[in-house]
Asks: 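After the structure tokens below, expect a handful of questions from me.
Just so we're on the same page: letters track the sequence lines, and every chain starts at 1. On a predicted model such as this, the values are computed, not experimentally measured, just so you know.
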Amino acid sequence: MTEKKKPNVFVEGAINPQFIADSIAKHSSKKGIGAHDIFLGQVRNDVLGDKEVKAIEYSTYQPMAEDILLEIREAAFREYNLVCMHIYHSIGRVDAGEICLFVFVSSKHRKDAFEACRSIVEKIKADVPIWGKEIFEDETSAWKENR
Amino acid sequence: MTEKKKPNVFVEGAINPQFIADSIAKHSSKKGIGAHDIFLGQVRNDVLGDKEVKAIEYSTYQPMAEDILLEIREAAFREYNLVCMHIYHSIGRVDAGEICLFVFVSSKHRKDAFEACRSIVEKIKADVPIWGKEIFEDETSAWKENR
Amino acid sequence: MEITVLFFGLFAEAAGADKITLKGINDTDMLIQHLMDSYPSLWDKKYRIALNTRVVNGKTSLSEGDVVALLPPFAGG
Amino acid sequence: MEITVLFFGLFAEAAGADKITLKGINDTDMLIQHLMDSYPSLWDKKYRIALNTRVVNGKTSLSEGDVVALLPPFAGG
């Protein structure tokens, strides 16, 4: 039902810690949950050459990203015993130190939450068409690539 | 330095989502962090016989728990490449649906955060002297046991 | 027969466009050859190709109205 | 020679106390025997023993001032 429609994943700019708190608080009514695993990606101030990353500018191919994210979601519900899961990713500029990815997996027992969360994050990195342009202090830039 | 002194782990009652948000927000100044893994334990409304768990009343042997938690912390910093980690556990009554454990691990790359967080949670469950008394709707109770 | 080609990330920068339409391109190999000729700076770049939002590998036939996207390495998360 | 014995969780309930002091107990085996005799409801319970906050296994000598804790199964998290 709600699991079947494409969820809203993309958030303009950084993901706010307050948004994360509100998401957690909403789960207090789901009393069958025993374990949450939350992964947060944060933009690093990596140094390339002698220049420090100040921000990453994210872009996506949204219809494809939404298809792949729905597949990732459905695979997670098939493979693990989950109560619910939520994925949010930033689009646009996110400064170093700010959150750009929020994956929130909830299950009865901890094993499912841990394994599903890690699997989902690896798939997001490998398969979802999202690009990141690292912006340096002098406003020059370089395209990032996931390992 | 700060890693060596016993950290404050025990929180009276449930762990508030706002406290979690504030903890996350504090990490925006640590710009070398690329990945956070957060585990939250939530009290389930398990049914034993025909009675539903309404709350868990947690107690601990605090000096021993603090020693073991410090060992867990030091082992995590030895075994994984971490920027920081925080552990909070409730003492006293926590209602079903509320958070009783908050483990927060931050690292440069996601692999360390994922592996360390899971390892820390398993060790907390196995080795830290914390007890939980499940309180049913009729105020009878049963002692919980980790698997 | 007309197809739409979408460029993302560094390909959009190199091509100076997000989107072009092309005629007379029958398959993905022919498309790639055409793009490399038009934008020589793309030659040494890694990419994947998506046809109507699905990644395809190897030579794939194209039909009227297809949307082909040139995807540089992903960097989500 | 006096030692302190701490009870937690269901042991505190069964013993009706959090803490007792005992004299003339030389080792952990003797302590367990004494406790099982004093509190018969403990016989079938699982436990670990901590001596001065460290878990000990097998028969362990006790000294003046030692604090021995009887730990039922853990349920943290």
Asks: Hey, does B:Leu82 have a side-chain heavy atom less than 4.5 Å from the side chain of B:Val105?
Replies: yes
Asks: If you measure from CZ on D:Phe74 to CG on D:Leu71, what distance do you get to the nearest 0.5 Å?
Replies: 5.0 Å
Asks: Between D:Phe7 and D:Tyr39, is the ring centre distance below 6.0 Å?
Replies: yes
Asks: Any heavy-atom pair between the side chains of B:Val53 and B:Val47 that's under 4.5 Å?
Replies: no
Asks: Find the one option among B:Ile124, B:Leu101, B:Ile56 whose heavy-atom pairs under 4.5 Å with chain D are most numerous.
Replies: B:Leu101
Asks: Side chain from CB out, backbone as N, CA, C, O: work out which of these in B:Ala65 comes under 4.5 Å of a heavy atom of chain D, or both, or neither.
Replies: neither
Asks: Pairs of donor and acceptor atoms under 3.5 Å between chain D and chain B, please, with atom names and distances.
Replies:
from, atom 1, to, atom 2, distance (Å)
D:Glu13, OE1, B:Trp143, NE1, 3.0
D:Glu13, OE2, B:Lys133, NZ, 2.6
D:Lys46, NZ, B:Glu145, OE2, 2.3
D:Arg48, NH2, B:Ala126, O, 3.2
D:Thr53, OG1, B:Asp67, OD2, 3.0
D:Arg54, NH1, B:Glu71, OE2, 2.3
D:Arg54, NH2, B:Glu71, OE2, 3.1
D:Pro72, O, B:Trp131, NE1, 2.8
D:Pro73, O, B:Trp131, NE1, 3.4
D:Phe74, O, B:Asn146, N, 3.0
D:Ala75, N, B:Ile130, O, 2.7
D:Gly76, O, B:Asn146, ND2, 2.9
D:Gly77, N, B:His89, NE2, 2.7
D:Gly77, O, B:Lys125, NZ, 3.1

Asks: Could you tell me the separation between the CD1 atom of B:Ile20 and the CZ atom of B:Phe104, rounded to the nearest 0.5 Å?
Replies: 9.5 Å
Asks: Hey, are the side chains of D:Ile49 and D:Val68 touching, using non-hydrogen atoms and a 4.5 Å cut-off?
Replies: yes
Asks: Minimum heavy-atom separation for D:Leu70 to D:Pro72, with atom names?
Replies: O-CD, 3.4 Å
Asks: Output the distance between atom CZ (B:Phe39) and atom CD1 (B:Ile120), rounded to the nearest 0.5 Å.
Replies: 12.0 Å
Asks: Which residues in residues 21-38 of chain D have a heavy atom less than 4.5 Å from any heavy atom of chain B?
Replies: none
Asks: Is any side-chain heavy atom of B:Val11 closer than 4.5 Å to one of B:Cys100?
Replies: no
Asks: To the nearest 0.5 Å, what is the distance between CG on B:Leu48 and CZ on B:Phe136?
Replies: 4.5 Å
